[in-house]
Amino acid sequence: MTILPVCFTVRSLQSRRTGVNMFTSFLIKYAEIGVKGKNRYLFEDALVKQIRHALKKADGDFQVRKTDGRIYVDAVSAFDYEDTVEALQKVFGISGICPVVSVEDEGFEKLGERVVKYLDEVYPDKHKTFKVAARRARKNYPLDSMEINMEMGGVILDAYPEMKVDVHKPDIMLHIEIRDKIYIYSEIIPGPGGMPVGTGGKAMLLLSGGIDSPVAGYMIAKRGVKIDAVYFHAPPYTSERAKEKVVDLARKVAQYTGPIYLHVINFTDIQMYIYDKCPHDELTIIMRRYMMRIAERIAKESDCLGLITGESIGQVASQTMHSLMVTNEVCELPVYRPLIGFDKMEIVDISEKIDTYETSILPYEDCCTIFVAKHPVTKPNLKFIKRHEENLAEKIDELVQTALDTDELIIVS
Ligand code: ATP
Ligand code: MG
């Protein structure tokens, strides 16, 4: 097995390029919360599946295995370290990624040499404190964990007298795990946390081209929920480019969630009909109610257990408490609004982190803004709204049905 040269992404590893990538595996850490008990294997199996899927994008071949309550990613070909870490950092359920050097058991002396070399490669500056944390999973190893800690501590101090032991708050926690092979690691690269996608059912995201809804989808997917999406398109008032922008956003979110089934619904006729028949200051809220109704119909047909929107209290007229109540009133399924208490800046921070921001701010029109009234109601009255929706009785069911029948499905991955 040859591992080709790579450059390190982890800051502390970055300072030195060793010519040969010494890492052969990654130990995957996952949060223990929700993982205990008889459902643990479901969580782990879903995580393994998501890791395998994510690694298809990385440059290299890998084996993902679950042993002794741990998940390892072993490289079985040359691989790009940066690519691999980046792919793993998008798998929900991973709390930490430890680049591991694995060596055969050739006796303690050889292990000592390998550990000394490891420290030299990873920490060019030796003015650091350390602690050895050995774990002897294979009980026939001649030294027990305590003995390995002490003996290896001595070997390291002999090699690098400038290093010091600190058992309470060491700069370097050097893990040595004795298993079929011996694993050496000390770095933990943070993962995204959350739960593996697929462990929490499925929900329908109302995905627009804005900043908020991609973030909302990301946040619910992070809790293990698979995502489908629906986009309301109003050609010719909204352009093909506006649709492509939504597909691009779905693609970015799909990096975390896996493939997204995106339903593109032609909303033009419904929108025009509402425009003709209803008071203009109530236009947005009535449109939002029809979006929710249609999204729910598709959601139910696709076995989704809820809807997701990017709404946040008070952000715009259609998101006051009154407006949200009126919008929500048409839904039977629960509507998840993960951004409900977030300020715009907090949402922007997440969108930058997940790399949707630059796409979201591209200036393409949105169907909600095109027909928007100068002074939309901020405190819609449900009774009036319902009464005005009666103006639509003649044609609206047929228009909704046509919109559903002409649903364009795009599988985005
Ligand atoms: P976003 O940044 O997500 O577009 P926004 O601040 O522009 O949100 P609104 O236009 O009021 O807010 O939309 C509120 C929510 O309704 C959005 O977050 C999204 O979930 C949904 N939504 C709005 N327009 C559309 C659309 N054209 N297609 C699908 N969903 C939409
Ligand atoms: Mg919007």
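All figures in this text were calculated on a predicted structure; none of them were measured in a lab. We use all heavy atoms of the structure for the numbers below, so side chains are in, but hydrogens, waters and symmetry mates are not. In each ligand, atom 1 is the first atom listed, and ligand 1 is the first ligand listed.
Tyr72 and Phe26 have their aromatic ring centers separated by at least 6.0 angstrom. Checked against a 6.0 Å centroid threshold, the rings of Phe43 and Tyr30 count as neighbours. Between Tyr231 and His263, the ring centre distance reaches or exceeds 6.0 Å.
In summary, Glu44 and Lys66 engage in a salt bridge, as defined by a charged side-chain N under 4.0 Å from a carboxylate O. Glu332 has a carboxylate O that lies under 4.0 Å from a charged side-chain N of Lys300, or vice versa, which qualifies the two as a salt bridge.
Atom 17 (C) of ligand 1 has its nearest heavy-atom neighbour, among Ser351, Pro214, Gly210, Gly310, in Gly310. Considering each of Gln315, Gln319, Glu311, the one bringing a non-hydrogen atom nearest atom 12 (O) of ligand 1 is Gln319. Looking at Asp212, Ile294, Thr238 and measuring to atom 8 (O) of ligand 1, the nearest heavy atom belongs to Asp212.
A cation-pi contact, defined as under 6.0 Å to the ring centre and within 45° of the axis, links Arg293 to Tyr290.
Near Ile211, meaning under 4.0 Å from one of its heavy atoms, ligand 1 places the atoms 2 (O). Distances below 4.0 Å separate heavy atoms of Ser318 from the following atoms of ligand 1: 11 (O). Close contacts between ligand 1 and Thr309 involve ligand atoms 20 (O) [criterion: under 4.0 Å to a heavy atom].
Asn328 and Arg289 share no donor-acceptor pair across their side chains, judged by distance under 3.5 Å alone.
At a 4.0 Å heavy-atom cut-off, ligand 1 touches Ser213 through backbone and side chain alike. At a 4.0 Å heavy-atom cut-off, ligand 1 touches Leu207 through the backbone alone. When non-hydrogen atoms are compared, ligand 1 lies under 4.0 Å from the backbone of Val230 (N, CA, C, O) but not from its side chain.
Remark: ligand 1 and Phe232 share an N or O pair separated by less than 3.5 Å (distance only, no angle test). Residue contacts with ligand 1: Gly209 is placed with no nitrogen or oxygen under 3.5 Å of a nitrogen or oxygen of the ligand (distance criterion only). Residue contacts with ligand 1: Ile308 is placed with no nitrogen or oxygen under 3.5 Å of a nitrogen or oxygen of the ligand (distance criterion only).
Close to ligand 1: Arg288, with a non-hydrogen atom less than 4.0 angstrom away.
No side-chain heavy atom of His233 sits under 4.5 Å from any side-chain heavy atom of Ile265.
Distance alone, capped at 3.5 Å, is enough to place a donor-acceptor pair between the Asp171 side chain and the Thr129 backbone.
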